[in-house]
Amino acid sequence: MATQKLWGGRFKEPLAEIALNFSSSIEFDRHLYEEDIAGSIAHVEMLASVKVLTSSEANRICTALNAIRKEIKTGKFKLTSEYEDVHSAIEQRLTQKIGALGGKLHTARSRNDQIALDERLFLRSSIKEINKLITNLQRVLLNKAEKNYGVLMPGYTHTQRAQAVMLSHHLLAYINMLERDYERMQDCSERLNKSPLGAAAFAGTPFPINRLKTAKKLGFDGIVENSIDAVSDRDFIIEFISGCSLTMMHLSRLAEELVLWTTKEFSFAQISDAYTTGSSIMPQKKNPDMAELIRGKTGRVYGSLINLLTTMKGLPLAYNRDMQEDKLPMFDTVKTVRESLLVMAHVLVHTTFNKFHLEEELRTDFLTATDMADYLVTKGIPFREAHRITGEVVQYCVTHKMYFGNLDLATMKEFSPKFEPDIFDFILPQTSVKRKQSAGSTSPQEVKKQIKNWTQTLRKRKV
Ligand code: ARG
C-alpha cells in the first residue's frame, strides 16, 4: 500500500522507493510509539485548553490515539517499513480512523520537537530502569560482602600480589563505583527532564500554545526554553551514553576479575554451571562466557558514544536529518547496559569463593612484607631502611624457597637485631588487616562500618 507522505503537496513526483527505504527510520523509531502517543495526547489537550481545538475535537483525537496505542500493542496496526517514521505512521492511522480531523493533530508542532520529546521521555524511563538494576547489583554485592565477612584474599597492584585485604572490602569497592554511576544517571535524568515540545520546527509557532502546560502534563520540570536549542541538541543522549560507558567500564573490570578468579591459576572462585558454557570440542571446558560478554559489550557502548559524538560534531543549527541516526546508539546502549547489569547480578549470585584456597594463598606468599617493614618502624628504624631490610628478608626467602612462616628468629635477627618474637604475630595476614586504622581501610571494623552504611543506604532506596 502506498502511504501518504506528511509533506506531499510541494512535490510533483513521489519519493523513490530506494530513497524511502534509505531514509525511513520506522524500523527503529517504532520503539517510541508509547512516548509519541503520550506526547500527542498532551499536545492535543493543551491545544483544546488554549482553544486552538474545540474540546470535542480534542476528545475525538485523544480517543483515537488511545485506540491506536492498543492496536500497535496488540499487533493489529503494524509499524512497517512503508512509513517514513513512527510519527507519520500514527498520524496516518489517525486520519484513517477519524478523517480530516486527524490532520489537526500536527497544529503548532513539528516532527523536530516531537522526536526530541519522544527521546527525552524514553530516556527518562530507561534511566529509572537502569537505576533499579544498578541498585539490585549493589545489593547482590553487599550480600556477598556480608556472607564472606572475615575471608581474606591477596590484594593486587600491577596484577602482582601486594597486600592482604578482606574479600568484603574488595567487593565493597564495586558498590562505591556503582553508586557514582547511579548518581550520574540521576543527574542526567534531572537535566534532561525539560520539554522541547512547542519549539515546533525550531522557530516557535504563532499559535497561542502553552508550553509549560504540556511540560507539566508529561511530568517535566520545565521547558527547554530556546526553541532552536530544543530541537538541535542531542547532548542529553550523549551524556546518557557517556554515563553508561562508565558503568560498562566498571562492569567490565568486575567481569575481568571473575574471568581471572575462575581460572585454575587463581582458583579464587567458581561460577555455577547454569551461568557458564562448554566447548564444542574440548569436553573438560567450563567457560565464563557471561563475564566475557559483559567485558566485550563494553566496546559496543563506547562505540555508541563515539558514534553519536561524531554524528553531532559540526552540525549547523537547527535540525538536520543526520540526527535521525541518534536512535540506534541510544537504543542499543539502553539494551546493552540493562542486560549487562542484570546478567552480572545473576552471575554473582551464583559465584562462590574458595575461602580455604584464598587463605592458603596468603600463607604461601609475601603479602605482609609491608607489615614487616612497619614493624621495624615501630622499633624506631626509618621506613626507608625498614623497607630495605624487609626486601633483603624477602630475597633470602626466595633464594631458599621459603616464606615468612618458615623463618626463625635467629635468622631474622641477622637482618636486624630489632626483630623480637612478636614479629611472628605481626606478619600474619589476619593481624595485618586488623592493624589498619585509617578510614575506609580493609580492617574488620572499617569494613563492618562500610557494610552497615551500605545496608542502610540501599535499604532506604526506593526503586
Ligand atoms: N525521523 C526523524 C528523526 O528521527 C524525525 C524528525 C524528522 N524531521 C524532519 N524534518 N524530517 O530525526
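Order of listing sets the numbers, starting from 1, for every ligand and every atom in it. Starting from 1, each residue takes its place in the sequence as its number. Hydrogens, waters and symmetry mates play no part in the numbers below; they use all other heavy atoms, side chains included.
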Option among Glu84, Gln324, His87, Glu91 that satisfies the side-chain hydrogen bond (donor to acceptor under 3.5 Å, both in side chains) test with Arg111 | Glu84

What protein heavy atom is closest to atom 8 (N) of ligand 1, reported as residue, atom name and distance in Å?
-> Asn112 OD1, 2.9 Å

Can you tell which of Asp187, Leu133, Ile127, Asn131 makes a side-chain contact (heavy atoms from CB on, under 4.5 Å) with Tyr182?
-> Asn131

Quick one: is the NZ or CZ of Arg124 closer than 6.0 Å to the six-membered ring centre of Phe220, and within 45° of its axis?
-> yes

Among protein heavy atoms, which lies nearest atom 4 (O) of ligand 1, and at what distance?
-> Lys327 NZ, 2.6 Å

Mark yes or no: Arg93 above the aromatic ring of Tyr83, with NZ or CZ under 6.0 Å from the six-membered ring centre and no more than 45 degrees from the axis.
-> no

Measure up the Tyr275 and His350 rings against each other and bin them: parallel (under 30°), tilted (30 to 60°), perpendicular (over 60°).
-> parallel

Return yes when Glu84 approaches ligand 1 closer than 4.0 angstrom through a heavy atom, no otherwise.
-> no

Asp85 heavy atoms within 4.0 Å reach ligand 1 at atoms 1 (N), 5 (C)

Tightest non-hydrogen contact, residues Ser304 and Asp332, listed as OG-OD2, 4.3 Å

Please state which protein non-hydrogen atom is closest to atom 11 (N) of ligand 1 and give its distance, to 0.1 Å?
-> Arg111 NH2, 3.7 Å

Ranked by distance from atom 7 (C) of ligand 1, the top protein heavy atom is Tyr319 OH, 3.5 Å

Sole residue of Phe268, Trp261, Phe353, Tyr156 in ring pair (Phe, Tyr, Trp, His ring centres under 6.0 Å) with His170 | Trp261

Which residue owns the protein heavy atom closest to atom 1 (N) of ligand 1, what's the atom, and how far is it?
-> Gln324 OE1, 2.8 Å

For Ser25, counting its heavy atoms only, list the atoms of ligand 1 lying under 4.0 Å from any of them.
-> 1 (N)

Just which atoms of ligand 1 are under 4.0 Å from any heavy atom in Ile115?
-> 4 (O), 6 (C)

